[in-house]
Protein chains: 2
Amino acid sequence: MRSHRLSRRPVYLQLRDALAERIAKGQSKPGIAIPNESDLAREFGVSSGTMRKALDLLESERLVTRRQGRGTFVNDQTSKELALRFDNVRAAGGQRIVGKISSAEMTEGAASQTECRHLQLQPRDHVYRIRHVLLHDDQPYMVKEASVPAALFPGLTEAQSASYRIVALAQQFGILLGKATENVSIEMASEAVAKTLGIATASAILVLDRVIYALDERPVEWRIGRCHPANRYYLAETT
Amino acid sequence: MRSHRLSRRPVYLQLRDALAERIAKGQSKPGIAIPNESDLAREFGVSSGTMRKALDLLESERLVTRRQGRGTFVNDQTSKELALRFDNVRAAGGQRIVGKISSAEMTEGAASQTECRHLQLQPRDHVYRIRHVLLHDDQPYMVKEASVPAALFPGLTEAQSASYRIVALAQQFGILLGKATENVSIEMASEAVAKTLGIATASAILVLDRVIYALDERPVEWRIGRCHPANRYYLAETT
DNA sequence: AAGTGGTCTAGACCACTCA
DNA sequence: GAGTGGTCTAGACCACTTG
């Protein structure tokens with residue numbers, strides 16, 4: 001069984017894929033323990049050392065959490081800890097800013113040239129676009145325009161997008177999120193943005209241009225956030 | 001032997017420490033291969049699996065590179081690839097900016113309050129301060145003020161600091177660098193900074209406030225870079 | 001062909017959690 | 001005390017690089 005060396009992909013990577021697929025498909029549910037190492041090893045016909053290597057990989061990818069004496073649990077990607085992982089703007093005190101959505105609108109359309117570039121799409125592919133204004137302490141602090149490939153979120157509805165949180169949507173649609181790259185630059189606020197943020201036109205604002213990728217490297221979301229920088233900063237970690 | 005379970009620290013971590021110390025002390029030199037897995041395992045009296053775990057750790061910490069069929073080599077931390085790892089400002093085209101030093105001055109003194117906070121020092125501890133202007137395409141692009149704990153760089157000379165590169169100094173003084181955190185914010189250029197960068201006073205500039213830590217979590221360098229943002233952006237990666 | 005790291009096995013024992 | 005993950009062993013065999 002198990003492809004008898006026909007595929008050269010190491011067994012522990014195949015095991016990772018199989019377990020990741022269970023999680024993506026919702027067969028293993030957030031917060032619930034999966035079978036222990038030796039049971040899984042027996043189920044897949046491998047040694048426990050190999051299964052452990054696969055589970056370690058899953059943990060490094062934030063899909064599961066292992067706790068000695070307890071078990072291995074599927075992570076809830078919408079938990080505070082994991083959901084805010086891509087939001088790196090901090091208030092002056094250092095605490096993360098959690099923006100509340102004050103308005104949202106969704107449209108669908110063919111991908112623009114920049115969307116094709118950022119999301120690795122063809123011009124004929126469709127995207128959903130969500131535009132948001134985020135509040136912090138009841139003040140508008142970010143104007144956000146996000147695009148996602150329509151193919152990844154089939155049947156995404158206006159209702160879902162109104163409370164748009166990419167981590168929640170990804171979990172719902174069985175997409176496992178990996179890393180993100182973010183370009184931080186300075187821009188002069190356009191009239192429209194300045195008005196929304198309640199600042200003077202041509203004020204310097206922070207522009208956060210981000211692409212989130214799935215674990216399999218497919219781009220999942222491109223968003224540009226325009227953010228009034230007063231008492232705020234972007235926190236990056238280089239490892 | 002080897003502390004007979006008196007210490008609870010797992011063996012593979014102790015092995016990592018021992019090998020890391022050899023590298024820090026210069027007993028294992030950059031570019032040179034270290035003994036193979038089974039020789040090392042024999043030398044330390046452990047199984048090869050345990051030694052492999054230690055070597056994998058060293059590789060994840062960027063201290064060595066392993067290549068199948070070749071061997072395990074100590075990394076040169078001043079190589080282009082590793083040295084620029086903490087420099088995240090990019091030109092509009094996406095390429096890394098390598099700044100040339102146009103002027104440098106070094107002073108020594110007791111740590112200020114902010115230096116104590118960033119570098120986890122006591123008020124009586126000393127720091128070396130290096131002030132730089134960096135050029136890109138022969139234009140001044142960053143004013144940089146760096147502070148390092150004097151205790152980590154005993155006898156640092158003016159001559160060494162003139163070509164200040166933290167990765168080179170760290171390797172020279174046996175300090176293994178780990179991660180860095182960087183705060184990116186917007187500031188209005190002071191008169192002095194504006195003059196140096198050749199821009200108008202009160203122009204919006206990027207402020208890059210960064211602390212680099214050693215692998216053992218000790219802060220090694222705090223620096224503030226003030227950078228004219230025209231055609232430049234900060235690139236962050238979130239994993 | 002010899003030598004290296006990479007994968008995999010089939011266990012043993014330890015440390016931790018919880019009923 | 002039963003069950004979990006964490007550490008460790010002593011190998012075997014595979015894949016890759018180099019003389």
Side-chain angles (χ1 to χ4, degrees), chain A residues 1-20 22-23 28-75, chain B residues 1-20 22-23 28-75:
Chain A
M1 19 214 87
R2 214 185 55 258
S3 84
H4 275 311
R5 302 300 120 109
L6 285 179
S7 100
R8 295 216 129 41
R9 190 167 171 74
V11 176
Y12 72 91
L13 290 179
Q14 298 180 40
L15 294 169
R16 187 222 79 103
D17 293 346
L19 294 172
R22 288 187 182 179
I23 294 171
S28 301
K29 289 198 162 39
I32 307 297
I34 65 177
N36 68 42
E37 251 173 56
S38 49
D39 283 354
L40 281 173
R42 210 170 305 120
E43 175 186 346
F44 284 92
V46 299
S47 82
S48 62
T50 301
M51 182 51 76
R52 159 162 280 268
K53 200 162 175 176
L55 291 167
D56 285 346
L57 241 184
L58 288 175
E59 183 165 48
S60 77
E61 293 174 323
R62 300 176 213 256
L63 295 185
V64 303
T65 298
R66 322 191 72 196
R67 272 179 291 183
Q68 192 172 9
R70 308 258 333 257
T72 299
F73 301 84
V74 178
N75 286 337
Chain B
M1 8 223 95
R2 212 186 54 260
S3 84
H4 275 312
R5 303 300 120 108
L6 284 180
S7 100
R8 296 214 128 44
R9 189 167 171 75
V11 175
Y12 72 92
L13 290 179
Q14 298 180 39
L15 294 169
R16 187 220 80 103
D17 292 346
L19 294 172
R22 288 186 183 179
I23 294 170
S28 301
K29 289 199 163 37
I32 308 296
I34 65 177
N36 67 43
E37 251 172 56
S38 48
D39 283 354
L40 281 173
R42 210 170 305 118
E43 175 188 344
F44 285 92
V46 299
S47 83
S48 62
T50 301
M51 182 52 75
R52 159 163 278 270
K53 200 162 176 179
L55 290 167
D56 285 346
L57 241 182
L58 288 174
E59 184 165 48
S60 76
E61 294 174 323
R62 300 176 214 256
L63 294 185
V64 303
T65 299
R66 322 191 71 192
R67 272 179 292 182
Q68 191 173 12
R70 308 256 335 256
T72 300
F73 301 85
V74 178
N75 287 336

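Note: hydrogens, waters and symmetry copies are ignored here, and every other heavy atom, side chains too, is used. What you see is a predicted model; the values in this text were computed from it and never measured. Proteins come first, then strands; the chains are lettered A, B, ... in the order of their sequence lines, and each starts at number 1.
Summarising the geometry of A:P30 relative to A:N75, their closest heavy-atom pair is CB-O, 3.8 Å, with the distance given to 0.1 Å. Smallest separation of non-hydrogen atoms from B:S60 and B:L57: OG-O, 2.7 Å. B:A18 and B:F44 make their closest contact through CB-CE2, 4.0 Å (heavy atoms, listed as atom of the first residue, atom of the second, distance).
Atom CZ in B:R42 sits about 12 Å away from atom P in D:dA10, given to the nearest Å. The distance from atom CD of A:E37 to atom P of C:dT9 is 13 Å, rounded to the nearest whole Å. In this structure, B:F44 places its CZ atom 13 Å from P of D:dT9, rounding to the nearest Å. If you measure from atom CZ of B:R8 to atom P of D:dC8, you get 12 Å, rounded to the nearest angstrom. Between B:E59 atom CD and C:dG5 atom P there is a gap of 11 Å when expressed in whole angstrom units. If you take CG of B:L55 and C1' of C:dT7, they are 16 Å apart, rounded to a whole angstrom. One can place CZ of A:R9 at 21 Å from P of D:dC14, the figure rounded to the nearest angstrom. Atom P of nucleotide D:dG5 and atom CG of A:L58 are separated by 13 Å, given to the nearest angstrom.
B:K53 has a side-chain polar atom (N or O) that falls below the 4.0 Å cut-off from OP1 or OP2 of D:dT7. Regarding contacts with the backbone of D:dT7, every side-chain N or O of B:T50 stays at 4.0 angstrom or more from both OP1 and OP2. Distances shown here put a side-chain N or O of B:Y12 below 4.0 Å from the OP1 or OP2 atom of D:dT7.
Between its two ends, the helix from C:dA1-D:dT18 to C:dC18-D:dG1 turns its axis by 10°, counting five pairs per end and rounding to 10 degrees.
Closest to the side chain of B:R52, out of D:dG6, D:dT9, C:dG6, is C:dG6. For A:N36, counting side-chain heavy atoms from C-beta on, the closest listed nucleotide (C:dT9, D:dC8, D:dG5) is D:dG5.
With salt bridges taken as basic N to acidic carboxylate O contacts below 4.0 Å, none links A:K53 and A:D56.
The side-chain contact (heavy atoms from CB on, under 4.5 Å) check on B:E37 picks up B:R52, B:L55, B:R66, with sequence neighbours excluded. Under the side-chain contact (heavy atoms from CB on, under 4.5 Å) criterion, A:S28 pairs with A:R22, A:I23, A:I34, A:V74, not counting sequence neighbours. Considering only residues two or more places apart in sequence or on other chains, A:D17 meets the side-chain contact (heavy atoms from CB on, under 4.5 Å) condition with A:R9. Taking the side chain to side chain donor-acceptor pair (under 3.5 Å) definition, one finds that B:R67 meets it with nothing, sequence neighbours left out.
Mapping B:P35 and A:S48 onto DNA chain C via the closest heavy atom, the residue that lands nearer the 5' end is B:P35.
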> Going through the distances and angles, do A:L40 and A:L15 end up as a side-chain contact (heavy atoms from CB on, under 4.5 Å)?
Replying inline: CA-CA 10 Å; A:L40 281 173; A:L15 294 169; over 6 Å; no
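Residues from residues 60-75 of chain B lying near DNA chain C, meaning a heavy-atom separation below 4.0 Å, are B:R66, B:R67, B:Q68, B:G69, B:R70, B:G71, B:T72 in numerical order.
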